[in-house]
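Only heavy atoms go into these numbers, but all of them, side chains included; no hydrogens, no water, no symmetry mates.
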Amino acid sequence: MLVAALLSLFTTPIEPTPGHPVQLPTEYFEHRFIATPTTVSGKKLRLFTDSAGGLILAEDVAQQLGLTATADGTDKTAPFPAFRDDSSIPPPIDATFYLVPRKTIEQMGENMDGMLGQQWFGGRVWTFDYHRKRLLWRAPGDLPKHQPQHEAKLYFQTDAKGNRNTDFARIEATIDGETLSFLLDSGATNVLSDEALKDIDDRRPGNRATSFLAKSVYERWHAKHPEWKVITAKTMTGQLMLRVPKITLGGFEVGPVWFSVQQDKAFHQYMAQWMDQPTEGALGGSAFKYFRMTVDWPNALAVFERP
């Protein structure tokens, strides 16, 4: 009886309750979280988590797992696989994986099997604990104790009836006296060349978290603050890199924060299709690394704590 009781602890799916979040199986690499659940067949997956990304899975992984693919024109989708109870992650509330070629997945990093994007985060409460390198799933409405000044309102695109079209979140931060809008982008990534790494000289890997900034804002700040460090060497996802000494987010002043500069149209036009209004870039792990950040997607609220 005792053995059976102990085994049941590892075979019963755990769901969060108020005050008792569930720590998900993850790896933490350069201020980004990679979910590492194990399927019932024993295959461990590596799924890049990205609040500004999509819900995708490599086609070869879907085949290995025996997932039934459904075709809709050129798109192929597959259901969420079943995971072992002692190494699981929750399924998206109302979404399926898009299947993509392996080469598409490889662009996210070595040995990735897919991505958990805004459709997966949407509808739930999550804590990105950068200090303790943990990703926590929380019960509905479960927020850590905090002061109101450490809340940040989130904004989403909605239809005429107020129903949310996407779960891409807009958040505001104050930098150099300006309050600007950014995409909340937990998976924001840049890959630095050897030349850029030499210029930064921080002895960290080239594949790392970043934040993004529209070029017009960079030009304004650079003209005003020529002393702010700039990296002009080529990188994968930015024309330039700018080191901003301080930003204010959730009532806290933190820094420095590295931004990778992109063309304005990346945010003013492309991402604006899914946002309630255009943003001036995206905040990622280079900014969030200073916090324990809890994001309540249903209630459009983020809470920031300093460890």
Side-chain angles (χ1 to χ4, degrees), residues 1-29 31-51 53-57 61-62 64-67 78-97 111-146 167 169 184 186-187 285 288 291-305 307:
M1 294 293 291
L2 178 59
V3 172
L6 290 173
L7 285 174
S8 71
L9 295 176
F10 298 97
T11 58
T12 301
I14 299 174
E15 293 203 6
T17 57
H20 300 281
V22 172
Q23 181 175 341
L24 299 185
T26 55
E27 296 174 10
Y28 183 82
F29 178 69
H31 312 311
R32 293 155 300 169
F33 296 90
I34 302 163
T36 57
T38 302
T39 67
V40 292
S41 62
K43 181 175 177 58
K44 182 178 179 179
L45 299 184
R46 299 184 78 248
L47 303 170
F48 187 72
T49 70
D50 186 354
S51 62
L55 190 61
I56 60 178
L57 186 70
V61 173
Q64 292 171 27
L65 297 177
L67 301 179
F80 215 64
F83 293 108
R84 233 172 53 188
D85 292 338
D86 63 337
S87 181
S88 67
I89 58 175
I93 291 174
D94 185 23
T96 56
F97 275 119
N111 299 321
M112 294 294 178
D113 295 304
M115 174 186 286
L116 300 170
Q118 50 94 19
Q119 307 99 316
W120 184 68
F121 284 107
R124 291 191 172 101
V125 185
W126 306 90
T127 291
F128 301 79
D129 189 345
Y130 289 89
H131 180 62
R132 299 182 66 180
K133 304 178 181 180
R134 304 180 304 167
L135 180 61
L136 306 177
W137 170 30
R138 307 183 77 101
D142 181 34
L143 297 175
K145 292 181 180 180
H146 64 280
D167 279 296
L184 195 159
S186 67
F288 298 144
F291 298 104
R292 186 174 187 264
M293 177 177 73
T294 297
V295 183
D296 185 340
W297 257 268
N299 292 307
L301 187 70
V303 170
F304 291 87
E305 302 170 89

Check: Do Phe48 and Phe29 have side chains that get closer than 4.5 Å, going by heavy atoms?
Finding: no
Next item on the list: Apply the test side chain to side chain contact (heavy atoms under 4.5 Å, CB included) to residues Phe97 and Trp120: give CA-CA distance (whole Å), side-chain angles for both, the deciding distance (0.1 Å), then the verdict.
Entry: CA-CA 10 Å; Phe97 275 119; Trp120 184 68; over 6 Å; no
Next item on the list: May I ask you to test the Ile34-Leu47 pair for a side-chain heavy-atom distance under 4.5 Å?
Entry: no
Item checked: Interatomic spacing from OG1 in Thr26 to CZ in Arg46 - rounded to 0.5 Å -> 11.0 Å
Margin query: Once side chain to side chain contact (heavy atoms under 4.5 Å, CB included) is applied, do any residues pair with Lys133, and if so which ones, sequence neighbours excluded?
Written below: Tyr28
Next item on the list: Report the residues that fulfil side chain to side chain contact (heavy atoms under 4.5 Å, CB included) with Thr17, sequence neighbours left out, ordered by chain and then residue number.
Entry: His20
Checklist line | Thr96: side chain to side chain contact (heavy atoms under 4.5 Å, CB included) partners, not counting sequence neighbours | finding: Thr77
Item checked: Nearest heavy atoms of Pro37 and Ile89, plus distance in Å -> CG-CD1, 3.8 Å
Item checked: Point-to-point distance, once rounded to the nearest 0.5 Å, from CG of Asn111 to CD of Glu27 -> 9.5 Å
Note to self: The criterion is salt bridge (charged side-chain N to carboxylate O under 4.0 Å, His left out); which residues satisfy it with Asp113, sequence neighbours excluded?
What the structure shows: Arg102
Item checked: Donor-acceptor under 3.5 Å (Asp142 side chain, Gly19 main chain) -> yes
Check: Is the shortest heavy-atom distance from the side chain of Thr127 to the side chain of Met293 under 4.5 Å?
Finding: no
Notebook entry, point to check: Which heavy atom of Ala139 sits nearest a heavy atom of Pro16, and at what distance?
Noted result: N-CB, 3.5 Å
Notebook entry, point to check: How far apart are the C-alpha atoms of Val125 and Val295, what are their side-chain angles, what is the distance that settles it, and do they pass the side chain to side chain contact (heavy atoms under 4.5 Å, CB included) test?
Noted result: CA-CA 6 Å; Val125 185; Val295 183; over 6 Å; no
Item checked: Heavy-atom pair of closest approach, residues Asp296 and Gly141 -> OD2-CA, 4.0 Å
Checklist line | Test item: Arg292 and Pro144 side chains (from C-beta on) under 4.5 Å apart, heavy atoms | finding: yes
Checklist line | Closest contact, heavy atoms only, Gly53 versus Met115 | finding: CA-SD, 3.7 Å
Notebook entry, point to check: Can you find a pair of side-chain heavy atoms, one from Phe83 and one from Thr38, that are under 4.5 Å apart?
Noted result: no
Next item on the list: State, with a plain yes or no, whether a side-chain heavy atom of Thr36 is found less than 4.5 Å away from one of Leu45.
Entry: no
Next item on the list: Drop me the distance from Ile14's CD1 to Asp85's CG, to the nearest 0.5 angstrom.
Entry: 9.0 Å
Next item on the list: Answer whether the closest heavy-atom distance between the side chains of Leu24 and Pro90 falls below 4.5 Å.
Entry: yes
Note to self: Holding to side chain to side chain contact (heavy atoms under 4.5 Å, CB included), I want the full list of residues that pass it with Pro91, two or more places apart in sequence or in another chain.
What the structure shows: Phe80, Arg124
Next item on the list: Please report the shortest heavy-atom distance between Leu65 and Pro81, naming the atom on each side.
Entry: CD1-CB, 4.1 Å
Next item on the list: Measure up the Phe291 and Phe304 rings against each other and bin them: parallel (under 30°), tilted (30 to 60°), perpendicular (over 60°).
Entry: perpendicular
Notebook entry, point to check: How far apart are the closest heavy atoms of Asp167 and Trp297, and which atoms are they?
Noted result: O-NE1, 3.0 Å
Next item on the list: Quick one: pull up CD in Gln118 and CG in Asp50 and give me the separation to the nearest 0.5 Å.
Entry: 10.0 Å
Item checked: Trace of the side chain to side chain contact (heavy atoms under 4.5 Å, CB included) decision for Val61 with Lys43 -> CA-CA 10 Å; Val61 173; Lys43 181 175 177 58; 4.2 Å; yes
Note to self: I need the Glu305 CD to Leu143 CG distance, nearest 0.5 Å.
What the structure shows: 9.5 Å
Notebook entry, point to check: Are Pro25 and Ser87 close enough that some pair of their side-chain heavy atoms sits under 4.5 Å apart?
Noted result: yes
Next item on the list: Can you sort out the partners of Phe128 under ring-ring contact (aromatic ring centres under 6.0 Å, His included), two or more places apart, ordered by chain and number?
Entry: Phe121
Next item on the list: Mind running side chain to side chain contact (heavy atoms under 4.5 Å, CB included) on Trp137 and Glu15 for me, showing each step along the way?
Entry: CA-CA 8 Å; Trp137 170 30; Glu15 293 203 6; 4.0 Å; yes
